[in-house]
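If you're wondering where the values come from, they're calculated on a predicted model, not measured in any experiment. Throughout, protein chains are lettered first and strands after them, A, B, ... in sequence-line order, and every chain is numbered starting at 1.
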Protein chains: 2
Amino acid sequence: MRISDLAKRTGCHLETVRYYERIGLLPEPDRSIAGYRQYGETDVDRLHFIVRSRALGFHLDEIKSLLTLASESNLSCREVDALARNHLAQVEAKQRELAALAKELHHMIDTCHKDTRETCTILRGLSSHLAA
Amino acid sequence: MRISDLAKRTGCHLETVRYYERIGLLPEPDRSIAGYRQYGETDVDRLHFIVRSRALGFHLDEIKSLLTLASESNLSCREVDALARNHLAQVEAKQRELAALAKELHHMIDTCHKDTRETCTILRGLSSHLAA
DNA sequence: CTAAAGTCCGTAGCTGCTACGGAGTCAAGC
DNA sequence: GCTTGACTCCGTAGCAGCTACGGACTTTAG
């Protein structure tokens, strides 16, 4: 299978595949005589894993760890669990942040009378340090 | 006031102040004889506005627009309102995304028995394309 | 007067890609 | 056989929004 097939099957951009290889997230594949990269099902699986982990917001270095942990089948998955929990905590922190932010934006927008700039609560809100 | 004072008063990194100047978000300030940047209260206000808008997640080009709109006092703030609403919509989209993500992570973590890698639902979840 | 702290500037680095350009390669049609 | 178009190669540069570095200069405190 060539690079574009791999890309299509995983929903990953072609250039991204090469990028992942460059940073060591994907192994260097075999090459055809002309130098074209040749992939197999193992590569599809691995890239699937990466794409999916990215979709769940894991960073590339976290994914690198996850892949390493996943390959060591004799180990318990406690470290995987820890990584996932840590990531979830970050996601939840981001959620709280966004919630506060949305609330403030809402307040600014709702109290604005769409009048002149002087009375604009949005601009006022952006200037002041006081939370809504 | 010198650059480090401005930075301290606005909670903005010193290098970031220079960066904002470079990209035209802050005006070029007066200079002392030795060439040091000299700032006044207007600069503090403007940078406050920027820092606060960034904290609310606005992009730098959005902030540029907001600053332009804010400076044209004769105009109504309808465009400001539109920008804010558009931004809020993006924040809410991000919220929905994170909620879905958190749910999935939760599920993966909760069903994992912290056993061997083979039965690890987290690794399984990261491999499969099926949502929780 | 000296030493430490502050400032100057341009440039490179960070993450996670994406795009570009010019070359070589492959498959199909005529 | 030859051409055309699609594919692939590689290195490098760009994106946002900073942050850091290095070497020179200036200011300030003791």
Side-chain angles (χ1 to χ4, degrees), chain A residues 1-40 43 46-67 87 90-91 94 97 101, chain B residues 1-40 43 46-67 86-87 90-91 94 97 101 126:
Chain A
M1 178 186 342
R2 298 219 286 235
I3 192 166
S4 66
D5 301 310
L6 177 64
K8 254 169 227 148
R9 281 191 53 186
T10 54
C12 186
H13 199 287
L14 189 146
E15 313 256 20
T16 310
V17 179
R18 282 204 280 259
Y19 171 68
Y20 286 164
E21 179 186 326
R22 209 158 53 233
I23 62 167
L25 212 50
L26 287 176
E28 293 195 14
D30 290 339
R31 301 284 186 139
S32 72
I33 299 130
Y36 287 15
R37 290 171 178 81
Q38 297 291 149
Y39 297 101
D43 300 300
R46 191 180 175 93
L47 188 49
H48 254 331
F49 185 95
I50 297 170
V51 167
R52 175 129 176 82
S53 302
R54 277 297 297 145
L56 287 172
F58 284 93
H59 287 298
L60 294 180
D61 55 354
E62 291 176 315
I63 298 172
K64 220 171 215 165
S65 303
L66 285 170
L67 281 165
H87 179 52
Q90 281 174 16
V91 168
K94 190 85 193 165
E97 205 180 298
L101 210 142
Chain B
M1 180 184 345
R2 299 217 287 231
I3 193 167
S4 66
D5 302 310
L6 177 65
K8 256 170 228 150
R9 281 191 53 186
T10 54
C12 186
H13 198 290
L14 188 146
E15 313 257 20
T16 310
V17 178
R18 283 204 280 258
Y19 171 68
Y20 285 163
E21 179 186 326
R22 208 158 55 232
I23 64 167
L25 211 51
L26 287 177
E28 293 195 14
D30 290 340
R31 300 284 185 139
S32 71
I33 298 128
Y36 285 16
R37 289 172 179 80
Q38 297 291 150
Y39 297 101
D43 299 300
R46 192 180 175 93
L47 188 49
H48 254 331
F49 185 95
I50 297 170
V51 167
R52 177 132 174 80
S53 302
R54 277 297 296 145
L56 287 172
F58 284 93
H59 288 297
L60 293 180
D61 55 355
E62 292 176 314
I63 297 172
K64 220 172 213 165
S65 303
L66 284 171
L67 280 165
N86 178 41
H87 180 52
Q90 282 175 14
V91 168
K94 191 82 193 168
E97 204 180 299
L101 210 140
L126 291 173

Does [X] place a side-chain N or O at less than 4.0 Å from the phosphate oxygens OP1/OP2 of [N]?
{"X": "B/R2", "N": "C/dG6", "result": "no"}
{"X": "B/H59", "N": "D/dG17", "result": "yes"}
{"X": "B/R31", "N": "C/dC9", "result": "yes"}
{"X": "A/Y19", "N": "C/dT15", "result": "no"}
{"X": "B/R22", "N": "C/dC8", "result": "no"}
{"X": "B/R18", "N": "D/dC18", "result": "no"}
{"X": "A/T16", "N": "C/dG16", "result": "no"}
{"X": "B/H13", "N": "D/dG17", "result": "no"}
{"X": "A/Y20", "N": "C/dC17", "result": "yes"}
{"X": "A/S32", "N": "C/dT25", "result": "no"}
{"X": "A/R37", "N": "C/dT25", "result": "no"}

Validation row: B/P29, B/L6 side chains within 4.5 angstrom (heavy atoms):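 Not in contact.
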[N] [atom2] sits how many Å from [X] [atom1], rounded?
{"X": "A/I3", "N": "D/dC7", "atom1": "CD1", "atom2": "P", "value": "13 Å"}
{"X": "A/L47", "N": "C/dG16", "atom1": "CG", "atom2": "P", "value": "15 Å"}
{"X": "B/E15", "N": "D/dG22", "atom1": "CD", "atom2": "C1'", "value": "12 Å"}
{"X": "A/E21", "N": "C/dC17", "atom1": "CD", "atom2": "P", "value": "16 Å"}
{"X": "A/Q38", "N": "C/dT25", "atom1": "CD", "atom2": "C1'", "value": "13 Å"}
{"X": "B/I23", "N": "C/dT11", "atom1": "CD1", "atom2": "C1'", "value": "17 Å"}
{"X": "A/L60", "N": "C/dT18", "atom1": "CG", "atom2": "P", "value": "11 Å"}

Short question: side chain of [X], backbone of [Y] - any donor-acceptor pair under 3.5 Å?
{"X": "B/H13", "Y": "B/E15", "value": "yes"}
{"X": "B/E21", "Y": "B/R18", "value": "no"}
{"X": "A/R54", "Y": "A/F58", "value": "yes"}

From C/dC17, D/dG17, C/dT7, nucleotide with atom closest to B/L14 side chain: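 It is C/dT7.
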Along DNA chain C (nearest heavy atom to each residue), the more 5'-positioned of B/G35 and A/F58: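 Whichever sits nearer the 5' end wins; that is B/G35.
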salt_bridge(A/K94, A/E97) N-O dist < 4.0 Å: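 Looking at A/K94 and A/E97, the cut-off is met.
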